[in-house]
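Structure record follows, encoded as structure tokens.
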Protein chains: 2
Amino acid sequence: MRRIAESTVRRLSLYLSFLEEIEARGVPTTSSEDLARLGGTTSAQVRKDLSFFGSFGKRGLGYSVPELSARLRRILGLGRQWRVCIIGAGKIGAALARYAGFTERGFIVSAVYDSDPSKIGSRWGNVKVRDEASLERDIEAGDYQIAVLAVPADSAQNLADRVVRAGIKGILNFAPVQLTVPNDVALRAVNMAMELEALTFAITNKVD
Amino acid sequence: MRRIAESTVRRLSLYLSFLEEIEARGVPTTSSEDLARLGGTTSAQVRKDLSFFGSFGKRGLGYSVPELSARLRRILGLGRQWRVCIIGAGKIGAALARYAGFTERGFIVSAVYDSDPSKIGSRWGNVKVRDEASLERDIEAGDYQIAVLAVPADSAQNLADRVVRAGIKGILNFAPVQLTVPNDVALRAVNMAMELEALTFAITNKVD
DNA sequence: CTACCTTTGTGAACTAATTCACAAGCTCCC
DNA sequence: GGGAGCTTGTGAATTAGTTCACAAAGGTAG
């Protein structure tokens, strides 16, 4: 498949969330114009984004909401269950472990890993805190495809290396460092400092 | 000033974090090549990014680390203190309130707002939980320039409207909805579902 | 002072992403 | 069945972003 732009993928994800919303309200069809309005883009952009993957609409009529959302779910790889582990049982790890959003989207979080013996063995809702030492074994056993890194900056690269060696397929990094992984491993980062700095840049250099 | 691409701002932020790291190690100068290697980009990109704001290096020699990092801080708007409030004292709000990263970067978080009477009045470290009803009054009094939204999806737009009306300058949104704000208000969003879907897309449609 | 080495800053070339604009296709209605 | 009215899908045009490539400038050594 032709390489798809990152911005396209983000928008597909956005369209899917709109589709799920209007599907829940029972609306049967929608148009590129509707999706564009909701997503703050243009109808041509919506159609172009979809066109990379096929042709899902009916001319003159628009898109079937259930059909398009099913197609987008499949395109985004949501047609299966993904098992996720969280690494790091600190503030962020705890918030993530308790966050319902994962489950709602079909991601199964069953364990948090930490090296602190006082935390290992406890339970947070459905989530167990396990010993970081068993991380490799569990990944190799196929327990997880995705790891969420919620550890301090200085141990993030080391843990990334470990989960990569154990065969993880994707990493979502919350530590404020730039990680290096082989390019057959998917990597995304959420960096609060970067987001805040983008805000202060925009406020400071306002164009208006 | 000419419009600066979002990708450029993200990279500036990244360069700054590298500069702070090498500054702490006492390294006096660096080059576009060094910064490129750390940031996974090219030296031409680094120089182009900086060139939008001026000319900070010495040919043949590179950049003075303290000077360049000071310049970047100023460009990113970090030359002043920013007061931030967190809205929503749930899981994510709590994690954010306790997160040290804000303070390290010069952002002052002094309060979390919520409407739940059982939470109002308590203290989490240095952070007070205040009544959401007083949000407008406090923003109008100039207590905050930036609001972090950590509320459920269905109340996020309403709260965004309220803080905008009260005169907030920037919003960092953690709720999984697309917010609409006037374009003189800076807006960024952290959307976990979107990040995870970008991962599953990449894993599912692997090119290699 | 000169020759040589290094690294910046920046137009020009290129590549990627977005927007335009319109033919093609579907529906409805007379 | 044919015309009117929509909305898609997509090449072409445009705009944005990145990379190239090199002159200019600073440093150093002889």
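Everything numeric in this text was worked out from a predicted model, so none of it was measured. Values below: every heavy atom of this structure, side chains too, minus hydrogens, waters and symmetry copies.
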Worksheet entry | Side chain B:Asp143, main chain B:Arg83, donor-acceptor under 3.5 Å | no

Practice prompt. Residues of residues 15-30 of chain B with any non-hydrogen atom less than 4.0 angstrom from an atom of DNA chain D: list those, numerically ordered, please.
Written response: none

Worksheet item: Could you go step by step and tell me if A:Tyr15 and A:Asp49 meet the side chain to side chain donor-acceptor pair (under 3.5 Å) rule?
Response: CA-CA 10 Å; A:Tyr15 304 152; A:Asp49 287 340; 2.7 Å; yes

Fill in: Atom CG of A:Asn126 with >12 non-hydrogen neighbours under 6.0 angstrom
no

Fill in: By side-chain hydrogen bond (donor to acceptor under 3.5 Å, both in side chains) - contacts of A:Thr200 (at least two apart)
none

Worksheet item: Roughly, in whole Å, what's the span from CD1 in A:Ile4 to C1' in C:dA17?
Response: 12 Å

Item to complete: Check side-chain hydrogen bond (donor to acceptor under 3.5 Å, both in side chains) between B:Arg137 and all other residues, then give those that pass, not counting sequence neighbours.
Response: none

Practice prompt. Indicate yes or no: at least one non-hydrogen side-chain atom of B:Leu76 is less than 4.5 angstrom from one of B:Val9.
Written response: yes

Fill in: Close approaches to DNA chain D from residues 31-45 of chain B, in residue order (heavy atom, under 4.0 Å)
B:Thr42, B:Ala44, B:Gln45

Worksheet item: Taking B:Arg73 for the side chain and B:Leu78 for the main chain, is one N or O donor matched with an acceptor at less than 3.5 Å?
Response: no

Worksheet entry | Partner residues of A:Asp161 under the side-chain hydrogen bond (donor to acceptor under 3.5 Å, both in side chains) criterion, sequence neighbours left out | A:Gln157

Worksheet item: Do the side chain of B:Asp114 and the main chain of B:Gly88 share a donor and acceptor less than 3.5 angstrom apart?
Response: no

Discussion item. Checking the side chain of B:Arg188 only, and the main-chain atoms of A:Glu195 only, is there a donor and an acceptor separated by less than 3.5 Å?
Written reply: no

Discussion item. Do B:Ile4 and A:Phe201 make a side-chain contact, defined as non-hydrogen atoms from C-beta onward lying under 4.5 Å apart?
Written reply: yes

Practice prompt. Considering just the side-chain nitrogens and oxygens of A:Arg47, establish if one lies under 4.0 Å of OP1 or OP2 belonging to C:dT19.
Written response: no

Discussion item. Which residues pass the salt bridge (Lys or Arg N to Asp or Glu O under 4.0 Å) test with B:Arg74, not counting sequence neighbours?
Written reply: none

Item to complete: Find the distance A:Asp49:CG to C:dA16:P and express it as a whole number of Å.
Response: 17 Å

Item to complete: With sequence neighbours excluded, tell me which residues meet salt bridge (Lys or Arg N to Asp or Glu O under 4.0 Å) with B:Glu132.
Response: B:Arg162

Discussion item. Rounded to whole Å, how long is the line connecting atom NZ of B:Lys48 with atom C1' of C:dT15?
Written reply: 14 Å

Discussion item. Can you build the contact string for nucleotides 24-30 of chain C? Use B for base contact, S for sugar-phosphate-only contact, and - for no protein heavy atom under 4.0 Å.
Written reply: BBB----

Worksheet entry | Angle of first-five versus last-five pair axes in the helix from C:dC1-D:dG30 to C:dC30-D:dG1, to 10 degrees | 0°

Discussion item. Going by side-chain hydrogen bond (donor to acceptor under 3.5 Å, both in side chains), name the residues that satisfy it together with A:Tyr144, two or more places apart in sequence or in a different chain.
Written reply: A:Tyr113

Practice prompt. Determine which pairs satisfy salt bridge (Lys or Arg N to Asp or Glu O under 4.0 Å) with at least one residue from residues 98-110 of chain B, sequence neighbours left out, and list them in order.
Written response: A:Glu197-B:Arg105, B:Glu20-B:Arg105

Worksheet entry | Boundaries of the chain A footprint along DNA chain D (any atom under 4.0 Å from a heavy atom) | D:dC6 to D:dA12

